[in-house]
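Note that this is a predicted model, so its numbers are computed, not measured. When a ligand or atom number is given, it counts from 1 through the structure's own listing order.
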Amino acid sequence: MKVQKTNLDKLNNKIINCKKCPRLSLYIKEISKNKVKRFKKEKYWGRPLTGFGDPKAELLIIGLAPAAHGGNRTGRMFTGDSSGDWLAKALYENGFSNKSSSQYLDDGYKLQNTYITAALRCAPPKNKPTRGELQNCSCYLKEELSILKNIKIIVCLGKIAFDTCCRLLDIKGAKFYHGNLFSHQSWIILCSYHPSKQNTQTGRLNWDQWAYIFSKSKQILAKSS
Ligand code: SF4
């Protein structure tokens with residue numbers, strides 16, 4: 001456990017200081033200076049984001065990337081934006097966190113048996129990373145997967161997270177669709193649409209579909225313990 005924590009700390013230090021993608025390094029700095037009106041008075045994080053959560057977690061959640069005015073502002077993934085609101089509520093309702101909202105770094109929000117990470121650690125313009133940027137960043141997820149030894153379920157939020165996961169774990173021929181669940185080596189992979197506004201406000205992802213992902217994860221973990 002102590003070794004895991006130390007390895008995660010070393011990895012996170014590398015991530016925070018990473019500048020492998022010049023376009024993204026520039027973009028997150030610019031966003032931090034050109035703030036949106038509603039966050040004008042806030043100091044933006046404006047650096048790459050690490051994963052966060054329980055180093056002994058059995059549930060791993062992989063998102064796409066930090067949101068420009070969400071994680072890139074608050075300094076924590078899925079914190080201070082609408083995707084984070086959806087995720088925090090579903091996790092809390094299924095016992096994977098201590099509170100139902102994730103707003104600021106020091107808000108006391110704690111994950112339980114869960115670790116949250118992403119395919120990309122810097123917010124990309126229009127949420128569209130290039131293939132090269134995803135390649136550059138995938139080494140960090142790979143390292144997390146080797147450090148987080150207790151993971152049993154990997155929830156992939158969106159096709160980019162899913163494709164990244166398949167590439168790293170050498171999964172062939174699997175299809176991405178909401179609720180798809182299959183085993184690969186010692187993991188169960190569970191696919192979900194990303195809770196972005198483009199999905200939640202268009203009805204592509206409704207609350208029941210979303211809640212299913214976490215109640216199913218809870219059920220699987222309860223059976224496996
Ligand atoms: S996206 Fe990843 S690889 Fe690229 S600069 Fe950010 S942290 Fe580094």
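Protein heavy atom closest to atom 2 (Fe) of ligand 1, with residue, atom name and distance, is Cys137 SG, 2.3 Å. In terms of protein heavy atoms, atom 8 (Fe) of ligand 1 is closest to Cys18 SG, 2.2 Å. For atom 4 (Fe) of ligand 1, the closest non-hydrogen atom of the protein is Cys21 SG, 2.3 Å. For atom 6 (Fe) of ligand 1, the nearest protein heavy atom (residue, atom name, distance) is Cys122 SG, 2.4 Å.
Side chain to side chain, Thr79 and Ser102 meet the donor-acceptor criterion of an N or O pair below 3.5 Å.
In this structure, Phe162 has its ring center no closer than 6.0 Å to that of His178.
Below 4.0 Å from some heavy atom of Leu24 lie the following atoms of ligand 1, by number and element: 1 (S). The atoms of ligand 1 that sit less than 4.0 Å from any heavy atom of Asn136 are 3 (S).
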Checklist entry - After noting the C-alpha distance and the side-chain angles of Phe176 and His194, does the key distance pass the ring-ring contact (aromatic ring centres under 6.0 Å, His included) rule? => result CA-CA 12 Å; Phe176 176 80; His194 193 285; over 10 Å; no
Checklist entry - Are Ile62 and Ile154 close enough, and set up right, to give a side chain to side chain contact (heavy atoms under 4.5 Å, CB included), and what steps lead you there? => result CA-CA 7 Å; Ile62 307 177; Ile154 301 176; 3.6 Å; yes
Checklist entry - Are Arg131 and Asp163 close enough, and set up right, to give a salt bridge (charged side-chain N to carboxylate O under 4.0 Å, His left out), and what steps lead you there? => result CA-CA 11 Å; Arg131 191 182 291 250; Asp163 288 345; over 6 Å; no
